[in-house]
Amino acid sequence: MNFDVNLEFNSSASQLLHTLASADLAGVRCGKLKITNYTFQQTPNNVPLPSTTTLTATVNTAGLPEIVQKFAGSHFSAQLISHYHASNPAHFAHTVNLGKLPVKLNITGELTPLGEQKTALRYYGEIQVKIPFLGKNIENQLIKQLPKLLEQDANLIKQLLQK
């Protein structure tokens, strides 16, 4: 199932893209999700904008929906691989691997300057849940929650941009 969500930031596109690719944002996101066991890699390293980042985390399923626990057990490994491009328009692609879970999530982000210190960020992509008879219903529920989840994530990004 496809999705398309638009957000705005009081930031230049370049500053926003660098924040999106930062270890700081990865750490804040993991903290918000109460994930303590994670690694973050940037390739190439020590450049103004890494072309690829990889966040790998162990996710505890306690407190998650029962269906997640059924497929994943007590925990699962999750990986977010992101490719960043500073071209015009600046953009990125996230591939999310949720280990044992029968879910496929691909996200593309496009940054459009709206002025010197204002940028639109458009997230679009696809969620697939491969569970017979239930998959489409779960996809619909996820799509309905996605704007709120991305807005919460945007608030984390905005806090980092203010530092």
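A single hydrophobic cluster is seen to contain both V96 and L33, as judged by linkage of ILVMFWY side chains at heavy-atom distances under 4.5 Å, directly or through other members. When hydrophobic clusters are built by joining Ile, Leu, Val, Met, Phe, Trp and Tyr residues whose side-chain heavy atoms come closer than 4.5 Å, directly or via intermediates, L149 is not grouped with L105. Following chains of ILVMFWY side-chain contacts shorter than 4.5 Å, one cannot reach I107 starting from I81, and the two form parts of different hydrophobic clusters. Taking hydrophobic clusters as Ile, Leu, Val, Met, Phe, Trp and Tyr residues chained together by side-chain heavy-atom distances below 4.5 Å, L20 does not share a cluster with L114.
With hydrogens and angles disregarded, no donor-acceptor distance shorter than 3.5 Å links the side chain of T53 to the backbone of Q42. For the pair T61 (side chain) and G73 (backbone), a donor-acceptor distance under 3.5 Å is present.
Heavy-atom neighbours of Q152 CD from other residues, nucleotides or ligands within 6.0 Å: above the threshold of 12. Few gaps surround NZ on K100; more than 12 heavy atoms of other groups in view lie less than 6.0 Å from it.
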Should K104 and E126 be marked as a salt bridge (Lys or Arg N to Asp or Glu O under 4.0 Å) after you check the CA-CA gap, both sets of side-chain angles, and the distance that decides it? CA-CA 8 Å; K104 180 180 175 186; E126 180 180 26; 5.1 Å; no

List the steps and the verdict of side chain to side chain contact (heavy atoms under 4.5 Å, CB included) for K32 and L156. CA-CA 9 Å; K32 179 76 173 171; L156 299 176; 4.1 Å; yes

Worked verdict on L101 versus V68 for side chain to side chain contact (heavy atoms under 4.5 Å, CB included): CA-CA 7 Å; L101 298 178; V68 173; 4.1 Å; yes

Determine, stepwise, if the pair L64 / V59 fulfils side chain to side chain contact (heavy atoms under 4.5 Å, CB included). CA-CA 10 Å; L64 294 178; V59 180; 4.2 Å; yes

Pair S82-T54, side chain to side chain contact (heavy atoms under 4.5 Å, CB included): steps then yes or no: CA-CA 6 Å; S82 304; T54 304; over 6 Å; no

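Counting only heavy atoms from C-beta outward, the side chains of T52 and Y84 never approach each other to under 4.5 Å. S12 has its side chain out of reach of E116: every pair of non-hydrogen atoms, C-beta onward, lies at least 4.5 Å apart. Side-chain contact between D153 and N155: absent, with no pair of heavy atoms (C-beta onward) separated by less than 4.5 Å. Residues I138 and I67 have side chains in contact (heavy-atom distance under 4.5 Å, counting atoms from C-beta outward). Counting only heavy atoms from C-beta outward, the side chains of S11 and L161 approach each other to under 4.5 Å. You'll find the side chain of L16 reaches within 4.5 Å of the side chain of I157, heavy atoms only. Side-chain contact between F71 and I131: present, with at least one pair of heavy atoms (C-beta onward) separated by less than 4.5 Å. The side-chain heavy atoms of S14 and H18, taken from C-beta on, include a pair separated by under 4.5 Å.
For the atom pair CG (L160) and CZ (R29), the distance works out to 9.5 Å, reported to the nearest 0.5 Å. Interatomic distance, CD of Q128 versus CG of L142, reported as 12.5 Å (0.5 Å rounding). In this structure, OG1 on T43 lies 9.5 Å from NE2 on H83, to the nearest 0.5 angstrom. Rounded to the nearest 0.5 angstrom, L150 CG and L7 CG are separated by 6.5 Å. Atoms CG and OG1, on L80 and T95 in that order, are 8.0 Å from each other to the nearest 0.5 Å. The line from CG of N10 to CD of Q15 is 10.5 Å long, rounded to the nearest 0.5 Å.
There is a side-chain donor-acceptor pair under 3.5 Å between Q79 and T56. Checked by atom type, the side-chain pair H75/T58 shows no donor-acceptor distance below 3.5 Å. Between the side chains of Y124 and E110, at least one donor N or O sits under 3.5 Å from an acceptor N or O. Side chains of E139 and Q141: a donor-acceptor N/O pair is absent below 3.5 angstrom, by distance only.
Residues A57 and Y38 come closest through the heavy atom pair CB-CB, 3.8 Å. Residues A78 and L98 share a closest heavy-atom pair of CB-CD2, 4.0 Å. The shortest non-hydrogen separation linking F40 to L55 is CD1-CB, 4.2 Å.
In this structure, K118 is not positioned above the aromatic face of F9 in the sense of NZ or CZ being under 6.0 Å from the six-membered ring centre and within 45° of the axis.
Classified by interplanar angle (parallel below 30°, tilted 30° to 60°, perpendicular above 60°), the ring pair Y123/F92 is perpendicular.
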